[in-house]
Amino acid sequence: MKYQHIFFDLDHTIWDFEANAKATLLDLYAQHRLTDRGIESFPLFFERYSYHNERLWDRYTKGFIKQDELRWKRMWLALLDFKIADETLSHQMAVGFLEQLPLKNAVFPYTIEILNYLTAKNYQLHLITNGFEAVQQKKLYNAQLQGFFQKVITSEVSNSLKPNKEIFLFAMEQTGARVENSIMIGDNLDADIQGAINVGMDSVFVNHLGIQPHIPSTYMVHHLQQLESIF
């Protein structure tokens, strides 16, 4: 068996971040009565939040901004698009989002089945995630995923971010894995796949969205069940 250690990404790979974030934001939209503030369309608000969140996450992963700025500014900028310049509300929604998001439990189809399949075949499963430590642990607990993973490596614990080599080397040290018997599975070409390339590790690109990849991976799947053809 070539691989002994399988490193998964969490958000957008097995935990359905888009579905869970949308459900959380819909709750916040109602709780803060944003319709009364002039935001009559939740889908439009969600679109603006998603735009700013993606842009700020890119800046965060590249080291241009800190966590706190990411957390509240994505709310601030989304509200500002509707001419709501309310910093207090932005901070309240940022706190509420991080408190409520991990309580959601939507995962991608076949997530539990593939994790059971890999566990039964005696692979050692771990996570490498750029997410926040406390938030990621809560997600795993509420989605009933925590029992599958032996080690959870976050950017906060490792003091590094994918695709930097350091977070992968830290993961190797924590798990006792070696590059040659490990593989990274993730949805993000720039973070997961490039990160694996940076340390010479094989990778699986989980192409949920059916995009044309601009970075080569060792394998590519479009559905988690297809991992059975690799392992």
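Please read all numbers here as calculations on a predicted model, not as lab measurements.
- Not a single donor-acceptor pair under 3.5 Å links the side chain of Q174 to the backbone N or O of F170.
- Across all their heavy atoms, M93 and M75 have their closest contact at O-CE, 3.8 Å.
- Checked against side-chain hydrogen bond (donor to acceptor under 3.5 Å, both in side chains), R55 has no partners two or more places apart in sequence or in another chain.
- Pairs passing the side chain to side chain donor-acceptor pair (under 3.5 Å) check and including a residue from residues 15-30, sequence neighbours excluded, read D27-K104.
- Among all heavy-atom pairs drawn from M172 and M201, the shortest one is CE-CE, 3.2 Å.
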So R59 and E69, side chain to side chain contact (heavy atoms under 4.5 Å, CB included) or not? Walk me through it.
CA-CA 10 Å; R59 290 181 57 77; E69 186 175 351; 6.0 Å; no
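- The nearest pair of heavy atoms linking Y60 to I65 is CD1-O, 3.5 Å.
- In the displayed structure, Q150 atom CD is contacted under 6.0 Å by more than 12 heavy atoms of other residues, nucleotides or ligands.
- Distance check: L127 CG to I153 CD1 gives 9.0 Å after rounding to the nearest 0.5 Å.
- In this structure N188 satisfies the side-chain contact (heavy atoms from CB on, under 4.5 Å) test together with D190, A191, D192, sequence neighbours excluded.
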Criterion side chain to side chain contact (heavy atoms under 4.5 Å, CB included) on Y117 and L227, from CA distance to verdict
CA-CA 10 Å; Y117 169 87; L227 292 172; over 6 Å; no
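- Put simply, the side chain of R37 does not reach to within 4.5 Å of the side chain of L79, judged on heavy atoms.
- Qualifying side-chain hydrogen bond (donor to acceptor under 3.5 Å, both in side chains) partners for E133, counting only residues two or more places apart in sequence or in other chains: Q137, T154.
- Side-chain contact between L25 and F42 is present, with at least one heavy-atom pair separated by less than 4.5 Å.
- Separation of atoms CG (D86) and CG (L80) is listed at 10.5 Å; rounding is to 0.5 Å.
- The shortest distance between side-chain heavy atoms of F168 and N198 does not fall below 4.5 Å.
- Here the closest heavy-atom approach between residue Y110 and residue E228 is recorded as OH-OE2, 2.6 Å.
- In this structure, CH2 on W72 lies 10.5 Å from CG on L56, to the nearest 0.5 angstrom.
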One pair to check against side chain to side chain contact (heavy atoms under 4.5 Å, CB included): L89 and H32. What are the steps and the verdict?
CA-CA 8 Å; L89 176 60; H32 292 280; 3.5 Å; yes
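- In this structure, the ring pair (Phe, Tyr, Trp, His ring centres under 6.0 Å) partners of H5, at least two apart in sequence or on a different chain, are H126.
- Crowding of E40 atom CD: a count of heavy atoms from other residues, nucleotides or ligands under 6.0 Å not exceeding 12.
- Counting heavy atoms from C-beta outward, W57 and R74 have side chains that approach closer than 4.5 Å.
- In this structure, the side chains of H12 and V206 stay at 4.5 Å or more apart for every pair of heavy atoms.
- Atom CD in Q212 sits 8.5 Å away from atom CG in N207 (nearest 0.5 Å).
- Atom OH in Y49 sits 11.5 Å away from atom CG in L77 (nearest 0.5 Å).
- Linking Ile, Leu, Val, Met, Phe, Trp and Tyr whenever their side-chain heavy atoms come within less than 4.5 Å leaves F7 and L145 in two separate clusters.
- Residues Y3 and M184 do not share a hydrophobic cluster, defined by chaining ILVMFWY side chains whose heavy atoms lie under 4.5 Å apart.
- Between F231 and I183 there is a side-chain heavy-atom pair separated by less than 4.5 Å.
- A cation-pi arrangement is absent between R48 and F45, since the terminal nitrogen or guanidinium carbon is not both under 6.0 Å from the aromatic centre and inside a 45° cone about the axis.
- Membership of the apolar cluster around F205 extends to L189, I193, I197, L209, I211, I215, M220, as traced through chained side-chain contacts below 4.5 Å between ILVMFWY residues.
- Side-chain contact of S155 with N130: a donor-acceptor pair under 3.5 Å is absent, judged by distance alone.
- Contact check for Q67 versus E156: side-chain heavy atoms found under the 4.5 Å cut-off.
- Cluster membership for I112 and V221, using ILVMFWY side-chain heavy atoms within less than 4.5 angstrom, is shared.
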Could you check D11 against K139 for side chain to side chain contact (heavy atoms under 4.5 Å, CB included), going step by step and ending with a plain yes or no?
CA-CA 10 Å; D11 295 337; K139 289 176 186 175; 3.0 Å; yes
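- The two atoms that bring F8 and F149 nearest to each other are CD1-CE2, 3.9 Å, heavy atoms only.
- E54 CD: 12 or fewer foreign heavy atoms inside a 6.0 Å radius.
- The shortest non-hydrogen separation linking Q136 to L10 is NE2-CD2, 3.6 Å.
- V157 and V135 sit in two unconnected hydrophobic clusters of ILVMFWY residues. Membership requires side-chain heavy atoms under 4.5 Å apart, directly or through other members.
- The distance from the CG atom of L34 to the CD1 atom of I39 is 4.5 Å, given to the nearest 0.5 Å.
- Residue L101 is not grouped with residue Y141 when hydrophobic side chains (ILVMFWY) are merged at heavy-atom distances under 4.5 angstrom, including chains of intermediate members.
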